[in-house]
Amino acid sequence: MDESEDVPKDFIKLKSEKLSVDEVSELVISPYCGAVSLFIGTTRNNFEGKKVIHLEYEAYTSMAETEIKKICRNVREKWPSVKHIAVHHRLGVVPITEASVIIAVSSPHRAESLEAVKYCINTLKASVPIWKKEIYEDEYSWKENKECFWANSEK
Amino acid sequence: QVSVLYFARSAELAGLRSETLSVPRRITALQLWEEIVRVHPRLAVIRDQVIFAVQQEYVLLGDQLLVLQPGDEVAIIPPISGG
């Protein structure tokens, strides 16, 4: 067995088409890994009693990809046994219940991939320049992640 | 001459997504913000909620001295909400 043929890879994609869980999990599958952990962020239909019609995402694309690459680098430093990492984020209009982000990580044993997926989504919400607009019936609202250190959560 | 990029709420307030601005080569982040607000006064309302990304590195709106090269990218970054 020559594991050097299965070089660890990062698969990062920002796209406006519907995301596929099958596609993202297949990207990270490796014969040397017994675990693939997955996170799917989906869109809820309500916020503070208001009905959400759909979400719209925009991104500073070049910097978002760079920041996600940094997250992948950090994952590999913290959990060296992690094999492949895939982060797919949707841009543009995302209908209710559809996925806005899918993160998949493979590792030989489950502990590392589970921790790494959690770290990826938490850090993405704190540092990747992507913005979400919630569209309600008669208004809209730019959302602010509580992880974002430059947002004023108390106003 | 730097490229200024506007996103999310800042793009709505400024009314555009990008433009070229002439600014001093050496300028603090806060001074750069003030230059931009001079051109787009409606941005003043979000001053406490935004930071910059200069050449894709986050910079707070403070006294940090920026040394800008022609063609550098400066982005206005409102509070993020990815994921």
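Letters A, B, ... mirror the listed sequences (proteins, then strands); counts begin at 1. All of these numbers come straight from a predicted model, not from anything done at the bench.
For Glu57(B), the parts lying under 4.5 angstrom from a heavy atom of chain A are both the backbone and the side chain. Contact annotation for Ala126(A): only backbone heavy atoms (N, CA, C, O) come within less than 4.5 Å of a heavy atom of chain B. Only the side chain of Lys133(A) comes within less than 4.5 Å of a heavy atom of chain B; its backbone N, CA, C and O stay farther away. Neither the backbone nor the side chain of Phe39(A) comes within contact range of chain B; no heavy atoms are under 4.5 Å apart. With a 4.5 angstrom heavy-atom cutoff, Ala59(A) touches chain B only via backbone atoms. Neither the backbone nor the side chain of Glu147(A) comes within less than 4.5 Å of any heavy atom of chain B. Contact annotation for Tyr60(A): both backbone and side-chain heavy atoms come within less than 4.5 Å of a heavy atom of chain B. There is no contact between Leu61(B) and chain A, counting heavy-atom distances below 4.5 Å.
When side chains are defined from C-beta on, Pro129(A) counts as touching Tyr58(B), because their heavy atoms get closer than 4.5 Å. At a threshold of 4.5 Å between non-hydrogen side-chain atoms, the residues Val101(A) and Ile40(A) do not count as touching. Side-chain contact check for His40(B) versus Glu19(B): some heavy-atom pair is nearer than 4.5 Å.
Salt bridge status for Arg44(A) with Glu98(A): absent, with no side-chain N to carboxylate O gap under 4.0 Å. Salt-bridge annotation for Glu67(A) and Lys70(A): present, with a side-chain N of the basic residue lying under 4.0 Å from a carboxylate O of the acidic one. In this structure, Arg17(B) does not pair ionically with Glu12(B), as no charged nitrogen and carboxylate oxygen lie closer than 4.0 Å. One finds no salt bridge joining Asp10(A) and Arg73(A) here, because no Lys/Arg side-chain nitrogen approaches an Asp/Glu carboxylate oxygen to under 4.0 Å. Ion pair Lys50(A)/Glu139(A) flagged as a salt bridge, since at least one NZ, NE, NH1 or NH2 atom sits closer than 4.0 Å to an Asp/Glu carboxylate oxygen.
His88(A) has its ring centre no less than 6.0 Å from the ring centre of Phe11(A).
Taken to the nearest 0.5 Å, the CH2 atom of Trp131(A) stands 9.0 Å off from the CH2 atom of Trp142(A).
Using non-hydrogen atoms only and a strict 4.5 Å limit, no part of residues 20-36 of chain B faces chain A. Residues of residues 76-83 of chain B lying under 4.5 angstrom from chain A, judged on non-hydrogen atoms, are Ile77(B), Pro78(B), Pro79(B), Ile80(B), Ser81(B), Gly82(B), Gly83(B) in numerical order.
The closest donor-acceptor contact from the side chain of Ser106(A) to the backbone of His84(A) lies under 3.5 Å. For Ser100(A) (side chain) and Thr42(A) (main-chain N/O), no donor-acceptor pair under 3.5 Å exists by modelled atom type.
Taking the ring centre of Tyr57(A) as origin, the terminal cationic atom of Lys132(A) falls outside the region bounded by 6.0 Å and 45° from the ring axis.
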